Amino acid sequence: MTFLYHGLEARGAVWAEIFAARVPDLPFLRWGQDSVDPAQVRWLAAWNAPAEFIAQFPNLEVLFSVGAGIDQLPLDALPPQVRVVRMVEQGIITGMAEYVAMACLALHRDLPFFITEQRAGRWTYRHTRLAADTRVGVMGLGELGKAALEMLKPLGFPLSGWSRSAHSIEGVECFAGAKGFDAFLAQVGIAVCLLPLTPETRGILCRETFDKMPRGSAVVNAGRGGHLVADDLIVALDSGQLRAAMIDVTVPEPLPEGHPFFSHPAIFLTPHVAAETRHGSAGEVLADNVLRLLAGEPLLGEVDRTRGY
Ligand code: NAP
Ligand code: GLV
C-alpha cells in the first residue's frame with residue numbers, strides 16, 4: 001500500500017519529510033522520482049493530473065486535491081467508489097482572505113480609475129466614499145468565504161453572504177439558494193465570487209447577474225474562470241453597469257496574448273495567485289488526513305461527489 005504524490009518537486013520534498021516524521025510506516029512516493037508499482041497505489045495527491053494518468057492505478061481509493069478546489073481534476077473519469085478530498089489548510093484560507101480584502105479596498109477606492117489617470121499623466125479628482133457606504137457580498141460561505149468576511153469586518157464594509165444552504169454569521173446578512181440570489185444581488189456594491197465550480201455555478205457571473213446589481217457595482221472573481229462569462233463582463237464594464245473588476249482566475253489559464261482582460265482599464269488581473277497551497281501547512285493537513293484514514297475516522301474536506309463540492 002503506497003501514497004503517491006504527483007506535482008511540484010519542491011512541494012514533494014517537503015511532504016516527503018513530513019510523511020517520514022508523521023506516518024513513517026507508509027511509503028510516500030513521488031511520481032517521476034521514485035519507482036512506483038501502480039497496483040500498490042491506494043492514495044494519490046495531485047493538482048490537475050490527467051484522466052489517463054489516474055486510470056493506471058486500479059486500486060486507487062482516495063484522491064487528494066493539492067488545492068481547495070477539485071474541478072481541475074478529471075472527476076468524471078474517476079470510478080464512483082474513489083473518495084475525493086479537497087485541501088482545507090490555513091495558508092490557502094489566509095491568502096484568500098488577504099486577497100479579498102485587498103480587492104475590495106482597491107475597487108471601493110477606485111484604484112483602477114486612479115491608476116489609469118496616473119499612467120496618462122493626469123491629476124484627476126474623483127469623489128471617494130467610506131467603506132460604510134459600500135456593501136460587499138460574498139458568493140460562497142465555505143472555508144474561504146467565511147474567512148474573507150472575517151477579514152472584511154474590521155474594515156467597516158456592510159456585509160452580505162450567499163450560499164446554497166442557509167447560514168447564520170454574526171454581522172453578515174445571509175441569503176441562500178436561487179430564491180435568495182436576486183435580493184442578495186440587489187444590495188451589493190462589490191460581489192466577490194468564492195464558489196466552487198459546479199454545473200450550477202458555471203457562468204454565474206453573467207449579464208443577467210450583473211444587471212441585477214446596482215449600477216456602478218464591482219466584481220471580484222477568485223473562484224474559477226468558468227464562473228465568469230468574459231464577454232458579458234466586458235459589455236457590463238463598457239456600458240457602466242459595472243465600474244470595475246478584479247479577476248484572478250480565467251479560461252484558459254494562462255490567458256492568450258492580446259486578451260482584452262490584459263488591457264481593459266477597469267480590470268485588475270492577477271495570474272491565479274489569490275491563495276496558494278503552502279507546502280508546510282498543507283503537508284501537515286495531508287498527514288493528519290492520512291492518520292484519520294488509517295484510524296477509520298472521517299476526513300477533513302471530503303467532497304460529496306453527488307453535490308460536486
Ligand atoms: P467550500 O468550503 O466547499 O465552500 C463552498 C461554498 O459555496 C459553500 O458555502 C456552498 O454552500 C457554496 N455553494 C456551492 N454551490 C452553490 C450554489 N449552487 N449556490 C450557492 N452557493 C453554493 O469551498 P472553499 O474552500 O471555500 O473554496 C471555494 C472555491 O474557491 C474553490 O472551490 C476554488 O474553486 C476556489 N479557490 C480559488 C483559489 C484562487 O487562488 N483563486 C484558491 C483556492 C480556492 P453551502 O455552504 O450551502 O454548502
Ligand atoms: C487554487 O485555486 C485552489 O483550488 O487551491
Side-chain angles (χ1 to χ4, degrees), residues 7-8 11 45-48 63-73 75 84-100 102-103 137-151 160-169 172 174-185 191-206 209 219-228 245-251 253-255 268-279 281-282 285-286 299-309:
L8 291 179
R11 183 189 296 124
W47 166 242
N48 59 359
L63 175 57
F64 292 91
S65 172
V66 164
I70 49 140
D71 58 283
Q72 72 284 352
L73 290 163
L75 298 186
V84 177
V85 182
R86 65 203 176 83
M87 180 62 75
V88 179
E89 69 98 9
Q90 200 52 48
I92 298 178
I93 295 171
T94 305
M96 185 58 83
E98 287 179 1
Y99 183 89
V100 171
M102 182 231 355
V138 175
M139 299 162 63
L141 297 177
E143 301 295 336
L144 304 185
K146 282 188 289 192
L149 284 161
E150 287 308 315
M151 187 77 97
S160 299
W162 180 69
S163 52
R164 204 166 80 126
S165 59
H167 285 246
S168 168
I169 305 172
V172 179
C174 290
F175 299 82
K179 280 195 183 135
F181 196 41
D182 288 5
F184 165 83
L185 291 173
V192 180
C193 178
L194 289 177
L195 292 165
L197 187 62
T198 67
E200 288 78 43
T201 64
R202 183 175 291 280
I204 195 164
L205 298 176
C206 61
T209 296
V219 164
V220 179
N221 188 18
R224 285 287 186 259
H227 286 130
L228 176 68
M246 180 124 193
I247 305 297
D248 183 60
V249 282
T250 59
V251 179
E253 289 182 7
L255 279 180
F268 272 154
L269 180 66
T270 50
H272 201 145
V273 291
E276 293 180 64
T277 301
R278 303 289 151 183
H279 299 347
S281 42
V285 166
L286 197 58
L299 300 179
L300 177 67
E302 181 154 4
V303 168
D304 177 345
R305 289 193 60 191
T306 57
R307 212 176 49 165
Y309 70 97

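Atoms considered below: every heavy atom in the structure, side chains included; atoms not considered: hydrogens, waters and symmetry mates. These numbers were taken from a predicted model, which means no experiment stands behind them. Ligands are counted one by one from 1 in listed order, and the atoms in each one are counted from 1 as well.
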#### Entry: Proximal atoms of ligand 2 relative to W47 (non-hydrogen, under 4.0 Å)
1 (C), 2 (O), 3 (C), 4 (O)

### H167 neighbourhood, listing ligand 1 atoms whose heavy-atom distance to it stays under 4.0 Å
45 (P), 46 (O), 47 (O)

### Task
For ligand 1, find out whether one of its N or O atoms is nearer than 3.5 Å to an N or O atom of R86.
yes

### Query
What atoms in ligand 1 come closer than 4.0 Å to a heavy atom of H272?
39 (C), 40 (O), 41 (N)

### Query
For ligand 1, which atoms, with element, lie under 4.0 Å from some heavy atom of A68?
43 (C), 44 (C)

### Query
Of R86, E253, R224, M96, which has the heavy atom at the shortest distance from atom 4 (O) of ligand 2?
R224

## Note on the structure
heavy-atom search around atom 3 (C) of ligand 2 in the protein gives A68 N, 3.3 Å

### Query
Is a side-chain donor or acceptor of T198 paired with a backbone partner of E200 at a separation under 3.5 angstrom?
yes

### Query
Going by the atom numbers of ligand 1, which of them fall below 4.0 Å from some non-hydrogen atom of M96?
37 (C), 38 (C), 39 (C), 41 (N), 42 (C)

### Task
Examine ligand 1 and decide if any of its atoms is less than 4.0 Å from a heavy atom belonging to A222.
yes

### Message
Any nitrogen or oxygen of E200, side chain or backbone, less than 3.5 Å from one on ligand 1?
### Response
no

### Query
Does a donor on one side chain sit under 3.5 Å from an acceptor on the other, for Q90 and R278?
no

### Message
I'd like to know if the side chain of Y309 pairs up with that of T201 as donor and acceptor (distance under 3.5 Å, no hydrogens or angles considered).
### Response
no

### Message
Strictly distance-based, threshold 3.5 Å: is any side-chain N or O of D182 a donor or acceptor partner for the main-chain N or O of L185?
### Response
no

### Query
Looking only at atom types and distance, does a side-chain atom of E253 sit under 3.5 Å from a main-chain N or O of P271, one as donor and one as acceptor?
no

### Message
Is it the case that ligand 2 has an N or O less than 3.5 angstrom from some N or O of A275?
### Response
no

### Query
For ligand 2, is there an N or O atom under 3.5 Å from any N or O atom of T277?
no

### Query
Judged by atom type as modelled, is there a donor-acceptor pair below 3.5 Å linking the side chain of T250 to the main-chain atoms of G225?
no

### Task
Would you name the heavy atoms of L300 and V85 that are closest together and state the gap between them?
O-CG1, 3.3 Å

### Query
Got an N/O contact under 3.5 Å between I92 and ligand 2?
no

### Task
State, to 0.1 Å, how close A147 and I93 come at their nearest heavy-atom pair, and which atoms those are.
CB-CG2, 3.3 Å

### Query
Would you say L197 and ligand 1 have an N/O pair spaced under 3.5 Å apart?
no

### Query
Taking distance alone, with no angle check, do L144 and ligand 1 share an N/O pair under 3.5 Å?
yes

#### Entry: Sub-3.5 Å N/O-N/O distance, T198 and ligand 1
no

### Summary
Nearest non-hydrogen protein atom to atom 2 (O) of ligand 2, with distance, is H272 NE2, 2.6 Å

### Task
Could you tell me whether some N/O pair between D248 and ligand 1 is separated by less than 3.5 angstrom?
yes

### Element-labelled atoms of ligand 1 that are located less than 4.0 Å from some non-hydrogen atom of L195
7 (O), 12 (C), 13 (N), 21 (N), 22 (C), 29 (C), 34 (O)

### Query
How about I247 and L228: do any of their side-chain heavy atoms sit closer than 4.5 Å?
yes

### Message
Tell me whether L141 has any N or O atom under 3.5 angstrom from an N or O of ligand 1.
### Response
yes

#### Entry: Heavy-atom closest contact (A274 atom, A222 atom, distance)
CB-CB, 4.2 Å

### Query
Would one find an N or O of A275, backbone or side chain, under 3.5 Å from an N or O of ligand 1?
yes

### Query
Atoms of ligand 1 less than 4.0 Å from G140 heavy atoms?
6 (C), 7 (O), 9 (O)

